[in-house]
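This report concerns only the one structure given below.
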Amino acid sequence: MKIYVVYDSENGHTEALARAVMEGASGVDGAEAEISHVNDADIYKLEHMDAIIWGCPGHFGTISAGLKTWIDRLGYLWAQGKLVGKVGGVFCTTATVHGGLESTMINLITPMLHNGMIIVGLPGNIPENALYGSYYGVGVTCPVELSEDDPKNLPSENDLVLGRALGRRVAEVTKQLVASSAAR
C-alpha cells in the first residue's frame with residue numbers, strides 16, 4: 001500500500017510534523033510512505049496512492065497559499081474520479097494558541113471530501129490527543145521565533161507523537177481497506 005505525505009512548510013515547523021506523520025505511516029507493515037514538499041509534489045502520483053496525507057501551516061485559520069495552489073490543480077483528478085475511495089488525513093501548525101488549527105484542518109478536509117476520499121482523524125483514546133489534540137487530524141502550535149537568530153520552536157515530542165499516531169492510523173485503516181478490496 002502506498003501513502004503520499006505532501007506538506008507546505010516555510011520555516012521547518014510543518015516539515016518536522018510531516019516527517020513524524022511519514023514515520024508513523026512507514027511503521028505499519030506493508031506501507032510504502034513517500035514525502036514531498038508541495039513545491040516538489042506531483043499531483044499525478046495521487047491516483048497511484050492508496051492514502052494521501054497533506055498538511056501546512058495555518059494562515060489566519062485557513063490553508064497556506066502554497067498548498068492551496070497545489071490542491072487547486074486537482075481538477076483533472078476530480079473530474080475523472082481518480083481520488084474516490086482513497087484514504088485521507090490532514091495536519092497543520094499555527095504560531096499561536098487558538099490560531100485557527102481546527103478551521104485550517106476543516107479547510108484541508110473539504111477538498112478531500114469533494115474528491116470522494118475517506119477521511120481519517122485521530123480518536124480520543126490516544127492520550128496525547130485527549131489532552132490537547134483534535135479529532136480532525138493533528139494540529140500543533142509552534143510559536144513564531146522573534147528573531148532569525150532564535151532557535152526554532154519546532155514541534156514538541158508530544159506533537160511528534162501525535163504526528164506518528166496520525167500516520168500510523170491512516171496506514172492501518174488503509175491496510176484494512178486494501179485487504180478488503182483484494183478479498184473481493
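Because the structure is predicted, anything quoted here is derived from the model rather than measured.
Listed by chain and residue number, Tyr4 satisfy the side-chain hydrogen bond (donor to acceptor under 3.5 Å, both in side chains) test with Ser36 (two or more places apart in sequence, or in another chain). In this structure Tyr7 satisfies the ring-ring contact (aromatic ring centres under 6.0 Å, His included) test together with His37, sequence neighbours excluded. Applying the side-chain contact (heavy atoms from CB on, under 4.5 Å) test to Ser181 and every residue at least two apart in sequence or in another chain returns nothing. Listed by chain and number, the residues in a side-chain contact (heavy atoms from CB on, under 4.5 Å) with Asp29 are Lys175 (sequence neighbours excluded). The salt bridge (Lys or Arg N to Asp or Glu O under 4.0 Å) test applied to Glu15 returns Arg19, not counting sequence neighbours. The side-chain hydrogen bond (donor to acceptor under 3.5 Å, both in side chains) test applied to Thr104 returns no partner, not counting sequence neighbours. Considering only residues two or more places apart in sequence or on other chains, Ile109 meets the side-chain contact (heavy atoms from CB on, under 4.5 Å) condition with Val90, Leu113, Ile119, Tyr136.
Cluster membership check: Leu162 shares its hydrophobic cluster with Met22, using side-chain heavy-atom separations under 4.5 Å among Ile, Leu, Val, Met, Phe, Trp and Tyr. In the hydrophobic cluster analysis, where Ile, Leu, Val, Met, Phe, Trp and Tyr join through side-chain heavy atoms closer than 4.5 angstrom, Val6 is grouped together with Ile106. By the criterion of side-chain heavy atoms lying less than 4.5 angstrom apart, applied directly or through intervening Ile, Leu, Val, Met, Phe, Trp or Tyr residues, Leu67 is grouped together with Met117 in one hydrophobic cluster. Hydrophobic clustering of Ile, Leu, Val, Met, Phe, Trp and Tyr side chains at less than 4.5 Å, counting indirect connections, unites Ile71 with Met112. Cluster annotation: Leu83 is not connected to Val178 through the hydrophobic network of ILVMFWY side chains, with a link wherever side-chain heavy atoms come within less than 4.5 Å.
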Show me, pair by pair, the donor-acceptor contacts under 3.5 angstrom made by side chains of residues 72-80, not counting sequence neighbours?
{"residue": "Asp72", "atom": "OD1", "partner": "Lys68", "partner atom": "NZ", "Å": "2.6"}
{"residue": "Asp72", "atom": "OD2", "partner": "Lys68", "partner atom": "NZ", "Å": "3.2"}
{"residue": "Trp78", "atom": "NE1", "partner": "His114", "partner atom": "O", "Å": "3.3"}

Donor-acceptor contacts, no H, no angles, side chain residues 39-50, under 3.5 Å, sequence neighbours left out:
{"residue": "Asp42", "atom": "OD1", "partner": "Tyr44", "partner atom": "N", "Å": "2.9"}
{"residue": "Lys45", "atom": "NZ", "partner": "Glu34", "partner atom": "OE2", "Å": "2.3"}
{"residue": "Asp50", "atom": "OD2", "partner": "Lys2", "partner atom": "N", "Å": "2.8"}

Show me the donor-acceptor pairs, under 3.5 Å and distance only, between side chains in residues 55-65 and residues at least two apart or in other chains.
{"residue": "His59", "atom": "NE2", "partner": "Glu10", "partner atom": "OE1", "Å": "3.3"}
{"residue": "His59", "atom": "NE2", "partner": "Glu10", "partner atom": "OE2", "Å": "3.1"}
{"residue": "Thr62", "atom": "OG1", "partner": "Asn107", "partner atom": "ND2", "Å": "3.4"}
{"residue": "Ser64", "atom": "OG", "partner": "Asp8", "partner atom": "OD2", "Å": "2.6"}

What donor-acceptor contacts under 3.5 angstrom involve side-chain atoms of residues 163-171, with partners at least two apart or in another chain?
{"residue": "Arg164", "atom": "NH2", "partner": "Glu157", "partner atom": "OE2", "Å": "2.4"}
{"residue": "Arg169", "atom": "NE", "partner": "Gly121", "partner atom": "O", "Å": "2.7"}

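The minimum heavy-atom distance between Leu108 and Cys92, with the atom names listed, is CD1-CB, 4.4 Å. For the pair Gly66 and Val38, the tightest heavy-atom approach, listed with the atom from each and the gap, is O-CG2, 3.6 Å.
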Side chain to side chain contact (heavy atoms under 4.5 Å, CB included) evaluation trace for Phe91 with Met105: CA-CA 7 Å; Phe91 60 95; Met105 285 187 279; 6.0 Å; no

Does the side chain to side chain contact (heavy atoms under 4.5 Å, CB included) test come out yes or no for Val84 and Asn115, once each step is laid out? CA-CA 6 Å; Val84 172; Asn115 278 282; over 6 Å; no

Start with the C-alpha gap between Val140 and Cys142, add the side-chain angles, then the distance that decides, and say whether side chain to side chain contact (heavy atoms under 4.5 Å, CB included) holds. CA-CA 7 Å; Val140 301; Cys142 301; 4.2 Å; yes

Does the pair Met1 and Val28 meet the rule for a side chain to side chain contact (heavy atoms under 4.5 Å, CB included), with working shown? CA-CA 10 Å; Met1 96 190 121; Val28 173; 4.0 Å; yes

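Sorted by first and then second residue, the salt bridge (Lys or Arg N to Asp or Glu O under 4.0 Å) pairs involving residues 85-96 (not counting sequence neighbours) form an empty list.
Note: Leu154 CG to Thr93 OG1 = 10.0 Å, rounded to the nearest 0.5 Å. One finds the CG atom of Leu122 at 8.0 Å from the OG atom of Ser134 (value rounded to the nearest 0.5 Å). Residue Ile3 holds its CD1 atom at 10.5 Å from CD1 of Ile52, rounded to the nearest 0.5 Å.
The side-chain heavy atoms of Leu17 and Val138, taken from C-beta on, include a pair separated by under 4.5 Å.
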